[in-house]
Number of protein chains: 2
Amino acid sequence: MSIEWVASRIKELRAKTGLSQEKFAFKIHMDRSYFASVETGNRNVSLLNLIKIINGLNVSFEDFFRGK
Amino acid sequence: MSIEWVASRIKELRAKTGLSQEKFAFKIHMDRSYFASVETGNRNVSLLNLIKIINGLNVSFEDFFRGK
DNA sequence: CTGTGACTAGAAGTCCGTA
DNA sequence: TTACGGACTTCTAGTCACA
């Protein structure tokens, strides 16, 4: 488990939603440039923001971390 | 999903290890009082520290979030 | 053994623009 | 559409004394 894995998992699932970074960030009330840096693994995101993101992806935490 | 849920889940699983907060915190190279505040839900812990803690609990992320 | 308030440094997070 | 950067504000990391 690593920040990079979480980042690419977010990217993978966000792509599945069909939304751009910008639209997804807007949907979950998060700054678009900040969300972009999370998705590229350049940020040590806090739990509250991770909850926000995973909720926005419409998956459970268990599913998000499936296989890890 | 909430900080409180994560906090109590940490407490639950840490108790299962049989270690005190102090000993567990020492094991994962984290300050005892900082870990205590995480376990009581008073901190919005970052992903890196959450990874450290969950690894120390010897469970997978999937197991940690089981049922959520 | 555990919980908490206070504190500082530095990172998180926001808002703007640009390629 | 995404990535990145500057400048800014807010908050967490990490520590300590004390209860």
Side-chain angles (χ1 to χ4, degrees):
Chain A
M1 178 57 56
S2 67
I3 286 192
E4 291 71 28
W5 186 87
V6 171
S8 68
R9 181 75 166 138
I10 291 171
K11 187 165 201 155
E12 173 194 350
L13 294 175
R14 192 263 309 161
K16 276 195 188 168
T17 68
L19 297 175
S20 65
Q21 285 182 351
E22 188 170 18
K23 286 186 177 156
F24 183 79
F26 179 80
K27 174 185 165 190
I28 65 173
H29 310 102
M30 186 173 281
D31 183 70
R32 74 174 161 74
S33 73
Y34 178 69
F35 179 74
S37 65
V38 170
E39 228 183 43
T40 51
N42 294 322
R43 296 283 185 155
N44 179 20
V45 69
S46 70
L47 178 55
L48 280 177
N49 276 333
L50 188 60
I51 290 172
K52 244 167 116 170
I53 292 170
I54 296 185
N55 284 343
L57 291 170
N58 285 319
V59 294
S60 66
F61 267 67
E62 196 178 344
D63 281 341
F64 184 88
F65 291 108
R66 187 79 64 190
K68 292 305 293 181
Chain B
M1 178 57 56
S2 67
I3 286 193
E4 292 69 30
W5 186 89
V6 171
S8 68
R9 181 76 166 138
I10 290 171
K11 187 165 200 154
E12 173 193 351
L13 293 175
R14 193 262 309 163
K16 275 196 188 167
T17 68
L19 298 174
S20 65
Q21 285 183 351
E22 188 169 19
K23 286 185 175 155
F24 182 78
F26 180 81
K27 175 185 165 190
I28 63 174
H29 310 103
M30 187 172 279
D31 183 72
R32 176 199 70 74
S33 73
Y34 177 71
F35 178 74
S37 64
V38 170
E39 217 178 60
T40 51
N42 292 323
R43 297 276 186 157
N44 179 19
V45 69
S46 71
L47 178 55
L48 280 177
N49 277 335
L50 190 60
I51 290 173
K52 238 167 122 170
I53 292 170
I54 296 184
N55 284 344
L57 292 170
N58 286 317
V59 294
S60 67
F61 267 66
E62 195 178 345
D63 281 342
F64 184 87
F65 291 108
R66 187 80 65 190
K68 292 307 290 183

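The sequence lines fix the lettering, A, B, ..., with proteins before strands; numbering per chain opens at 1. Keep in mind that the numbers below use all heavy atoms, side chains included, and drop hydrogens, waters and symmetry copies.
Between the CZ atom of B:Arg14 and the C1' atom of C:dG3 there is a distance of 12 Å, rounded to whole Å. Rounded to an integer number of Å, the gap from A:Phe35 CZ to D:dT1 P is 14 Å. At whole-Å resolution of the value, CG in B:Leu19 and C1' in C:dC1 are 13 Å apart. Going from atom CD of B:Glu39 over to atom P of C:dT4 covers 12 Å, rounded to whole Å. At whole-Å resolution of the value, NE2 in B:His29 and P in D:dA13 are 18 Å apart. A straight line from CG of B:Leu47 to P of C:dA11 spans 16 Å, rounded to a whole angstrom.
In the displayed structure, B:Lys16 atom NZ is contacted under 6.0 Å by at most 12 heavy atoms of other residues, nucleotides or ligands.
Considering B:Ile53, B:Asn58, B:Ile54, B:Leu57 in turn, B:Leu57 is the only one that fulfils the side chain to side chain contact (heavy atoms under 4.5 Å, CB included) rule with B:Leu13. The side chain to side chain contact (heavy atoms under 4.5 Å, CB included) with A:Ile3 is formed by just one residue from the set A:Asn42, A:Asn44, A:Val38; it is A:Asn44.
At D:dC11, none of the side-chain N or O atoms of B:Asn44 fall inside 4.0 Å of OP1 or OP2 (strictly under the cut-off). Proximity of A:Asn49 to the phosphate of C:dG13: a side-chain N or O atom is located under 4.0 Å from OP1 or OP2. For the pair A:Asn42 and D:dC4, the criterion of a side-chain N or O lying under 4.0 Å from OP1 or OP2 is met. A close approach under 4.0 Å does not occur between any side-chain nitrogen or oxygen of B:Tyr34 and OP1 or OP2 of D:dT15. Contact annotation: B:Lys52 does not reach the phosphate of D:dA13 (side-chain N/O to OP1 or OP2, under 4.0 Å).
When the nearest nucleotides of DNA chain C are assigned to A:Arg32 and B:Thr40 by heavy-atom distance, the more 5′-ward of the two goes with B:Thr40. For the pair A:Val45 and B:Lys11, both in contact range of DNA chain C, the more 5′-proximal nearest nucleotide belongs to B:Lys11.
The nucleotide whose nearest atom lies closest to any side-chain atom of A:Ser33 is, among C:dG13, C:dC16, D:dA13, C:dC16. Closest to the A:Glu22 side chain, of the nucleotides C:dG3, D:dC4, D:dT1, is D:dT1. For A:Ser20, whose side chain is taken as the heavy atoms from C-beta onward, the closest listed nucleotide among C:dT2, D:dC4, D:dT1 is D:dT1. The side chain of A:Met30 lies closest to C:dT14, out of C:dT14, C:dG13, D:dA3. The side chain of A:Asp31 approaches C:dC15 more closely than any other nucleotide in the set C:dA12, D:dT2, C:dC15. Minimum atom distance to the side chain of A:Arg43 is reached by C:dA12, of the listed C:dA12, C:dG3, D:dA3.
Contact check for B:Phe26 versus B:Glu22: no side-chain heavy atoms found under the 4.5 Å cut-off.
Cluster membership for B:Val45 and B:Leu48, using ILVMFWY side-chain heavy atoms within less than 4.5 angstrom, is shared.
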